[in-house]
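Each remark here refers to the structure printed beneath this line.
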There are 2 protein chains.
Amino acid sequence: MTLAEKAYLSLRNDIVRGDLKPGGALKMADLSARYDMGFSPLREALSRLQGERLVISESLRGFRVSELSLAEFEDALRTRLVIETEALRLSLRLGGDDWAAQLVAATYALKLQAERSGGDIWELETRHHAFHRALLSACGSRWMLDFFEQLYMATDRYRLPVLVGGAGGGGRDLVAEHAALADAALARDETLANRLLVQHYEATAATIRARHGA
Amino acid sequence: MTLAEKAYLSLRNDIVRGDLKPGGALKMADLSARYDMGFSPLREALSRLQGERLVISESLRGFRVSELSLAEFEDALRTRLVIETEALRLSLRLGGDDWAAQLVAATYALKLQAERSGGDIWELETRHHAFHRALLSACGSRWMLDFFEQLYMATDRYRLPVLVGGAGGGGRDLVAEHAALADAALARDETLANRLLVQHYEATAATIRARHGA
DNA sequence: AAACCCGAGATTTTCGAAAATCCTTGTTGC
DNA sequence: GCAACAAGGATTTTCGAAAATCTCGGGTTT
């Protein structure tokens with residue numbers, strides 16, 4: 001793996017996790033020291049992240065971590081719903097045994113991690129991401145999957161602080177929600193699966209809104 | 001504007017127009033000579049274009065213009081339809097007088113250019129792009145607009161050779177199609193506008209499919 | 001004859017300094 | 001006192017060479 005790729009993954013990770021604060025300036029000298037590499041791979045990574053809206057740059061004034069705002073969150077979430085709705089529908093139609101088995105596995109792994117008291121929050125997050133990816137993975141559209149990944153990262157920046165702060169948020173049972181969604185998907189019940197997905201999003205949106213107001 | 005931005009725009013333009021051939025290797029030395037700049041801004045631009053799927057890179061083997069394939073085209077087009085369907089619906093609900101006026105202007109400019117015999121094909125293409133952008137511009141979602149732009153470029157790579165080769169393709173009346181779509185949009189007829197959009201896509205897909213088979 | 005290895009040349013990737021630009025601060029002129 | 005301006009420092013952006021890696025062909029071995 002090239003340094004440029006490492007820079008991309010490291011920066012992306014640090015931004016999504018909030019280690020690099022929204023609005024904060026990303027000075028080349030600092031980054032060079034932090035990640036122990038020259039300017040070239042860093043610039044390359046930053047300009048890629050700009051395309052994913054995780055950083056912004058003003059000409060000749062360098063890069064900054066992009067700001068968080070409720071409006072931006074709502075936009076990303078509803079766009080994600082548009083994409084996921086269609087991708088889910090396609091997955092239910094096209095998914096074979098491998099897809100079903102992977103979905104069962106992802107659901108189970110998510111449950112295990114969620115029920116492990118004192119478990120790592122980042123590990124849980126990885127499982128959550130994997131679940132949603134598994135759900136859509138059979139849609140057969142690389143564009144939709146790519147967009148899903150981008151939007152997932154964009155919305156995750158808002159959800160992670162909530163996760164780190166309090167528990168699940170608003171008395172939700174994350175495991176039950178996802179298990180129900182998986183069951184509907186495995187039963188190929190498009191209508192139910194879609195309704196559960198929408199509810200899942202509504203609940204997430206409500207949690208973030210509440211947090212943002214507080 | 002920085003050199004990196006110029007490199008991005010130039011490369012993107014040259015790839016979409018087909019001046020840089022699909023599958024062709026993009027050697028740094030060649031690009032450096034062609035665009036008269038060093039490696040840094042070029043690499044930055046290429047890695048951005050990789051995110052938009054216009055180029056691909058293998059580690060330590062440089063960049064290539066991404067290949068064209070019918071499957072890839074169909075995927076991009078149907079994803080575009082998912083995004084545009086929703087963005088169109090939102091635009092019809094949210095669009096004010098400015099949006100309506102801009103749409104009328106874009107429709108008229110498209111018509112003028114299309115009817116100018118012997119007109120520049122690239123100018124026509126710019127107007128076509130502007131029309132579709134105007135149609136969706138009031139949707140209020142930056143994510144959807146961004147995705148639309150990406151997908152438009154991805155699909156345009158397939159449509160442009162057809163435009164350059166023969167005329168409109170398959171006896172279609174492009175002007176009438178777009179005018180009808182604009183009328184439905186201005187009348188806020190969501191159902192009709194959506195149907196026309198779907199038809200527009202079907203026709204485009206049919207043209208490309210025929211061309212690809214031939 | 002086929003497979004393998006080695007080295008020269010070609011190419012990508014990275015670095016660090018140079019050039020260009022921006023920001024701050026102190027000074028001048030009104 | 002205050003605005004305009006200029007010098008100096010900080011920072012970004014770009015370049016070109018160095019380092020790292022890959023590719024291709026010839027020669028050797030089995």
Side-chain angles (χ1 to χ4, degrees), chain A residues 1-16 18-68 146 149 157, chain B residues 1-16 18-68 146 149 157:
Chain A
M1 185 185 285
T2 64
L3 280 183
E5 287 172 89
K6 282 189 197 138
Y8 169 76
L9 293 173
S10 302
L11 276 165
R12 190 180 79 178
N13 190 61
D14 289 354
I15 291 170
V16 172
D19 293 347
L20 294 169
K21 299 236 167 54
L26 296 165
K27 296 194 206 162
M28 298 306 290
D30 292 352
L31 296 178
S32 183
R34 177 192 248 258
Y35 299 110
D36 188 32
M37 56 181 74
F39 296 157
S40 306
L42 287 170
R43 273 192 74 77
E44 194 175 321
L46 287 168
S47 95
R48 235 176 115 184
L49 290 166
Q50 192 183 9
E52 298 171 8
R53 307 257 294 269
L54 292 180
V55 313
I56 55 178
S57 81
E58 286 174 283
S59 207
L60 293 181
R61 288 202 221 167
F63 295 86
R64 312 175 68 79
V65 181
S66 66
E67 297 278 5
L68 297 180
D146 277 6
E149 291 295 335
R157 292 182 69 201
Chain B
M1 183 185 284
T2 62
L3 279 182
E5 287 173 88
K6 282 189 198 137
Y8 169 76
L9 293 173
S10 302
L11 276 165
R12 190 180 78 178
N13 189 63
D14 289 353
I15 290 169
V16 172
D19 293 347
L20 294 170
K21 300 236 166 53
L26 296 165
K27 296 194 207 163
M28 297 307 290
D30 292 351
L31 296 178
S32 182
R34 176 191 249 257
Y35 299 110
D36 189 31
M37 57 182 72
F39 296 157
S40 307
L42 287 171
R43 271 191 76 76
E44 194 174 323
L46 287 169
S47 96
R48 237 176 114 184
L49 290 166
Q50 192 184 8
E52 297 171 6
R53 307 256 294 267
L54 291 181
V55 312
I56 55 179
S57 81
E58 288 175 282
S59 207
L60 294 180
R61 289 203 218 165
F63 296 86
R64 313 176 69 78
V65 181
S66 65
E67 297 279 5
L68 298 180
D146 278 6
E149 291 295 336
R157 294 182 68 201

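Computed from a predicted structure; not experimentally measured. A note on names: the letters A, B, ... follow the listed sequences, proteins ahead of strands, and every chain is numbered from 1.
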Heavy-atom contact window of chain A on DNA chain C, given 5' to 3' at under 4.0 Å: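 Endpoints of the contacted stretch of DNA chain C: C:dT14 to C:dC23.
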Heavy atoms only, 4.0 Å cut-off, all strands: where does B:Ser40 land among base, sugar-phosphate and nothing?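 The answer is base, as B:Ser40 lies within the cut-off (heavy atoms under 4.0 Å) of a base atom.
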Hey, does B:Leu26 reach any base, or is it just sugar-phosphate, or nothing, if we go heavy atoms under 4.0 Å?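 Answer is sugar-phosphate: B:Leu26 comes under 4.0 Å of backbone atoms only.
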For [range], which residues have at least one heavy atom under 4.0 Å from DNA chain C?
range	answer
residues 42-50 of chain A	none
residues 3-15 of chain B	none
residues 57-64 of chain A	A:Leu60, A:Arg61

Approximate separation, where rounding is to 0.5 Å, of [X] [atom1] and [Y] [atom2]:
X	Y	atom1	atom2	result
A:Ile15	A:Ser66	CD1	OG	7.0 Å
B:Leu49	B:Leu54	CG	CG	5.5 Å
A:Leu31	A:Leu26	CG	CG	5.5 Å
B:Asp30	B:Leu42	CG	CG	11.0 Å

Close side-chain approach of A:Phe63 to A:Leu11, heavy-atom, < 4.5 Å: no
Which is it for A:Arg34 and A:Ser10 under the side-chain hydrogen bond (donor to acceptor under 3.5 Å, both in side chains) test, yes or no, and what are the steps along the way? CA-CA 10 Å; A:Arg34 177 192 248 258; A:Ser10 302; over 6 Å; no
Starting from the 5' end of DNA chain C, give me the residue, A:Met37 or B:Met28, whose nearest nucleotide shows up first. B:Met28
For A:Arg64, check side chain to side chain contact (heavy atoms under 4.5 Å, CB included) against everything at least two apart and list the hits.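 A:Arg64: side chain to side chain contact (heavy atoms under 4.5 Å, CB included) contacts with A:Ala25, A:Ile56.
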Which heavy atom in B:Gly23 sits nearest to a heavy atom in B:Glu67, and how many Å separate them? CA-OE2, 3.4 Å
Look only at the side chain of B:Ser32 and the backbone of B:Met37, and say whether a donor-acceptor pair between them is shorter than 3.5 Å.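 Yes, because the side chain of B:Ser32 sits within donor-acceptor range (under 3.5 Å) of the backbone of B:Met37.
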Please tabulate, one pair per line, all N/O donor-acceptor pairs under 3.5 Å involving side-chain atoms of residues 2-9 of chain B, not counting sequence neighbours.
from: B:Thr2; atom 1: OG1; to: B:Glu5; atom 2: N; distance (Å): 3.3
from: B:Thr2; atom 1: OG1; to: B:Glu5; atom 2: OE2; distance (Å): 3.1
from: B:Glu5; atom 1: OE2; to: A:Ser59; atom 2: OG; distance (Å): 3.4
from: B:Glu5; atom 1: OE2; to: B:Thr2; atom 2: N; distance (Å): 3.2
from: B:Tyr8; atom 1: OH; to: B:Arg12; atom 2: NH1; distance (Å): 3.3
from: B:Tyr8; atom 1: OH; to: B:Glu52; atom 2: OE1; distance (Å): 3.0
from: B:Tyr8; atom 1: OH; to: B:Glu52; atom 2: OE2; distance (Å): 2.7

